2 protein chains.
Amino acid sequence: MSIFAGQGDAGRSMALLWAPRAQATGSSPGPKPTLSVEAIVEAGIAVADADTLAGLSMRTVAQRLGRSSMALYTYVPGKAELLDLMYDRVHAEMPPARNLGGSGGDLGGGPDGGPDGGWREAVTAWARELWSLYLRHPWVVQVSYARPVLGPNEQAVMEQLVGILYGAGLDAGTLRGTVTALFHFVRGTAQTVAEARLAAAATGVSDQEWWAGRSALLSELAPDFAERFPMSARLAGETAAGHGDGAVQDPPGDDAVPYLERQMDRTFTVGLTVLLDGIEAAVRGCG
Amino acid sequence: MSIFAGQGDAGRSMALLWAPRAQATGSSPGPKPTLSVEAIVEAGIAVADADTLAGLSMRTVAQRLGRSSMALYTYVPGKAELLDLMYDRVHAEMPPARNLGGSGGDLGGGPDGGPDGGWREAVTAWARELWSLYLRHPWVVQVSYARPVLGPNEQAVMEQLVGILYGAGLDAGTLRGTVTALFHFVRGTAQTVAEARLAAAATGVSDQEWWAGRSALLSELAPDFAERFPMSARLAGETAAGHGDGAVQDPPGDDAVPYLERQMDRTFTVGLTVLLDGIEAAVRGCG
DNA sequence: GTCGAACTCCTTATGGCGTAAGGTATTATC
DNA sequence: GATAATACCTTACGCCATAAGGAGTTCGAC
């Protein structure tokens with residue numbers, strides 16, 4: 001219901017994120033720990049994957065581990081820090097960087113509009129991988145991104161992109177803005193799809209039915225919609241009617257990939273192309 | 001702490017958002033209402049502006065109005081719907097569309113790289129206005145955007161952008177992806193600044209101090225950072241050292257506009273330029 | 001072998017939250 | 001005046017994070 005705001009003690013989170021395995025002390029009095037930060041983080045991820053972030057509580061996580069909620073506080077300072085750890089951990093699923101984008105590019109540049117090519121593919125692959133990661137763990141995109149508490153795994157994801165863009169020839173200033181734009185674009189589109197899936201699963205209403213009901217309701221409540229918002233109406237009309245999009249031509253009954261997801265996949269591709277073209281212009285400007 | 005997921009009953013929210021003033025029934029038995037949906041929404045916005053979304057509760061909103069929390073339920077179905085209304089309402093602060101982007105553009109196109117120009121300025125103005133709106137109400141960017149329950153005011157903001165881009169000559173498909181990319185970019189950058197301000201206000205530590213402490217901690221916890229993440233290290237070095245950026249040249253002691261905000265302003269400008277260049281490529285492709 | 005310290009894990013309690021249930025006072029129509 | 005509808009209230013329930021403190025376990029030191 002509410003929103004994440006101030007992710008707990010940053011110092012504690014950073015220590016847990018970056019310290020290899022705490023201190024490897026030989027032995028110490030007291031009972032051996034039967035849990036571990038890792039196990040708790042994994043349990044938290046499992047809960048969030050199954051139940052969304054709303055279902056994530058210290059109790060539910062502990063329950064999955066057969067403990068009381070307070071047992072977790074021995075390992076983890078609190079819920080906010082646990083979420084930090086979960087967030088970083090899922091980024092470990094990102095495949096390792098392919099060796100693209102090195103400055104000694106072996107792909108020849110085209111003569112006119114033809115780009116170097118290598119970095120475009122690399123950025124596209126990066127974006128698609130991140131997108132699918134987000135869709136595997138939809139709760140991740142609901143964790144506030146304005147969080148300079150970067151963990152090693154998220155940092156590695158950044159490292160990939162920064163490397164690709166440096167390889168493409170961008171300077172530091174342009175690179176920063178580009179990274180920001182790309183990141184937020186992937187996050188935003190993934191969030192839309194993720195929440196659509198969530199809503200469909202929770203209510204049992206498919207995207208198409210939902211949208212149909214919604215626009216019926218809207219045209220009843222705001223019959224003058226097309227006059228008040230002519231451009232939006234035009235856009236809705238041209239998209240729905242299918243100006244050669246897949247909307248009409250696709251085989252009906254393909255519910256495995258619902259309507260909105262197909263549309264978002266197109267939106268993703270188109271938006272990414274716009275971004276890549278913009279980067280290309282910057283590359284030409286820098287080079 | 002947690003995250004917004006499934007914004008209450010969409011139908012009820014839509015009715016409240018789009019119905020002009022409910023039903024203007026002549027009269028009815030029972031005491032006169034002393035509150036109104038509008039007053040509640042405004043109180044909610046005031047609370048969220050002052051206290052962040054974490055401080056927003058039915059109790060706090062009611063307190064500001066001198067009522068009990070349950071009194072609000074007479075006017076508003078629940079907290080989720082109230083948040084929907086608050087979200088849409090703040091978008092009413094967006095200034096009305098300037099008459100730019102019409103297909104009969106009166107600004108002459110430049111000879112070579114020079115664009116039509118009109119739509120670039122219009123998009124920039126739109127983005128900057130939305131950015132500053134988000135910074136006036138930082139909690140807005142924490143409300144999940146993957147929410148097709150558009151209210152009239154947010155719809156108007158969209159209408160502006162769609163109009164501008166249609167005027168620039170984009171087709172519907174490209175337009176969708178572009179709108180998405182622009183929206184998420186503005187949201188994301190605003191979120192970063194908003195949360196930095198929040199953190200600074202909450203902890204009393206300035207951006208610069210905070211970052212200094214953070215990187216000290218990081219270099220202690222991960223002394224091999226530069227080897228593990230060479231590209232990120234390079235980016236950090238080139239940004240901080242100031243390759244002709246403002247970082248060094250700016251007058252010291254200008255705490256009114258903190259370090260991170262100046263940097264984010266640059267990032268915003270650069271990222272927007274990349275996006276505009278990408279759009280321009282699409283315009284050329286379409287035209 | 002025994003003691004004390006360190007450690008894990010538990011139960012309990014506190015103060016928050018959204019909101020369901022039901023009571024009371026007010027104000028219209030009949 | 002009776003009746004019904006309405007606004008607002010108090011109370012209560014079941015969640016939540018987590019503070020406080022107790023019980024049991026395991027080590028090093030003697």
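Because only heavy atoms are used, hydrogens play no part in the values below, and waters and symmetry mates are left out as well, while side chains stay in. Keep in mind it's a predicted model, so treat the numbers as computed, not measured. Naming convention: chains lettered A, B, ... in sequence-line order (proteins, then strands); numbering from 1 in each chain.
Remark: A:Tyr75 is not in phosphate contact with C:dT8, judged by side-chain N or O atoms under 4.0 Å from OP1 or OP2. At the phosphate of D:dG28, neither OP1 nor OP2 sits under 4.0 Å from any side-chain N or O atom of A:Ser28.
Evaluation of the side-chain contact (heavy atoms from CB on, under 4.5 Å) rule for A:Thr180 yields A:His184, B:Phe185, B:Thr189, B:Thr267 as partners, not counting sequence neighbours.
DNA chain D is contacted by both A:Gly78 and B:Ala71; B:Ala71 maps to the nucleotide lying nearer its 5′ end (nearest heavy atom per residue). Residue B:Ser57 is the one, among B:Pro31 and B:Ser57, whose nearest nucleotide of DNA chain C lies closer to the 5' end (criterion: closest heavy atom).
We find that CG of B:Leu72 is positioned 9 Å from P of D:dC9, with the value rounded to whole Å. B:Lys32 places its NZ atom 10 Å from the C1' atom of D:dT6, with the value rounded to the nearest Å. Per the geometry, CG belonging to B:Leu82 stands 14 Å off C1' belonging to C:dT19, to the nearest Å. One can place CZ of B:Arg59 at 14 Å from P of C:dG15, the figure rounded to the nearest angstrom.
Proximity note for B:Met58 (side chain, C-beta onward) versus D:dC27, C:dG18, D:dG24: the nearest is C:dG18. Across D:dA17, D:dA4, C:dC9, the shortest atom-to-atom separation from the side chain of B:Pro29 is found for D:dA4.
B:Tyr134 approaches B:Ala190 most closely through the heavy-atom pair CB-CB, 3.6 Å. The two atoms that bring A:Ala48 and A:Leu53 nearest to each other are CB-CD2, 4.2 Å, heavy atoms only.
Counting heavy atoms of neighbouring residues, nucleotides and ligands inside a 6.0 Å radius, atom CD of B:Gln63 does not exceed 12 of them.
The aromatic rings of A:Trp18 and B:Phe225 sit tilted, their planes meeting at an angle between 30° and 60°.
For DNA chain C, the residues of residues 63-70 of chain A within the heavy-atom distance limit of 4.0 Å (strictly under) are A:Arg67, A:Ser68, A:Met70, sorted by number.
Interatomic distance, B:Gln142 CD to B:Tyr87 OH, rounded to the nearest 0.5 Å: 12.5 Å.
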